[in-house]
Amino acid sequence: MRALLARVDAVLVQAVIAAALSFAHLHDIASAAGQDGWKAWAYPVSVDLLLVAAWRRLRTSDEKAAGWCWFVIALGASLGANVATAGLLDLNHVPAWLRILVAGWPAVAFLGGTLLAHSVAVPAEAPDAVEDQEVPTAIEDQEDAPDPAPALPPPPIPEPTPAPPAVSVPAALVEHARKVATEHHTRTGTAIDTPTLRARLGVSLPIADAIAAQL
């Protein structure tokens, strides 16, 4: 427990020192670029808030591209101020490009904070989430499956239709029918059909069918 408190205390001390120094450097850069008064104090707050928002997105979302992008931008602004105030930049003669960057930083920070805070983030899934899910077994699936429908009896086989009784045709009528059929073939060039034969002979349909079968 004491070792843990010692590590936590060391981290907190380092964080307070880094935040204080970075805060002061950003204030000095903003003041040197013409942003004096309360505006110079607002710049380091803006950078630190963007860092916190980007770090929170990296810790709580699977989509880390936006988080890393804005984290690098905020970290670059903080490191740039630290390096610039280390004697590499004359704060009494700030170049124009730095004034432009300082003047445009509030809009950049507002855009980054809005995108990080209000965009939909996909939450990171716990690694044990998949393991905790119960996998149904084949036996459970078979037990839960509904009973199969009962087999239907085969359809009844229709009884064969009895054949009509044979029709007795006199031989003389058959001979007359042959003459009629021959005469029809000679005149039309085609064999006589049953309806025509029936009409010519004046007999019933069963007798006409029986005569046609014998021709």
Side-chain angles (χ1 to χ4, degrees), residues 1-137 140-141 144:
M1 187 64 181
R2 293 181 178 179
L4 177 60
L5 291 177
R7 287 196 299 270
V8 172
D9 291 343
V11 171
L12 290 178
V13 171
Q14 290 290 348
V16 170
I17 293 174
L21 293 176
S22 179
F23 198 93
H25 294 160
L26 286 168
H27 171 271
D28 294 344
I29 288 293
S31 180
Q35 308 294 330
D36 53 354
W38 66 270
K39 293 181 289 185
W41 293 106
Y43 274 87
V45 174
S46 174
V47 174
D48 290 344
L49 288 178
L50 186 58
L51 275 172
V52 172
W55 178 249
R56 183 177 181 275
R57 170 59 69 89
L58 292 176
R59 293 293 302 273
T60 60
S61 173
D62 284 340
E63 298 179 356
K64 303 184 182 299
W68 277 115
C69 176
W70 291 106
F71 184 82
V72 170
I73 292 175
L75 185 62
S78 180
L79 289 177
N82 295 338
V83 174
T85 54
L88 300 179
L89 180 67
D90 186 2
L91 297 181
N92 295 323
H93 301 86
V94 177
W97 61 266
L98 182 57
R99 293 177 180 272
I100 295 173
L101 289 179
V102 172
W105 172 257
V108 175
F110 176 76
L111 175 62
T114 302
L115 293 177
L116 291 173
H118 297 286
S119 60
V120 179
V122 179
E125 295 183 356
D128 298 335
V130 178
E131 297 179 0
D132 294 340
Q133 296 179 357
E134 295 182 358
V135 180
T137 60
E140 293 177 354
D141 293 342
D144 297 338

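Remark: L75 pairs with L51, F71, L79 by the side-chain contact (heavy atoms from CB on, under 4.5 Å) rule, at least two apart or across chains. Residues passing the side-chain contact (heavy atoms from CB on, under 4.5 Å) test with S31, sequence neighbours excluded: A40. When the side-chain contact (heavy atoms from CB on, under 4.5 Å) test is applied to V45, the partners found at least two apart in sequence or on another chain are F23, L49.
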Atom pairs and distances, donor-acceptor, side-chain atoms in residues 98-113, under 3.5 Å, two or more places apart:
from, atom 1, to, atom 2, distance (Å)
R99, NH1, A33, O, 3.3
W105, NE1, S46, OG, 3.2

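Summarising the geometry, atom CH2 belonging to W55 is positioned 11.0 Å from atom OG1 belonging to T60; distances are rounded to the nearest 0.5 Å.
The list of side-chain hydrogen bond (donor to acceptor under 3.5 Å, both in side chains) pairs with a residue in residues 65-74, not counting sequence neighbours, is empty.
For the pair L26 and A77, the tightest heavy-atom approach, listed with the atom from each and the gap, is CD2-O, 3.7 Å. Annotation for W41 and G37: closest pair CD1-O, 3.4 Å, computed over non-hydrogen atoms.
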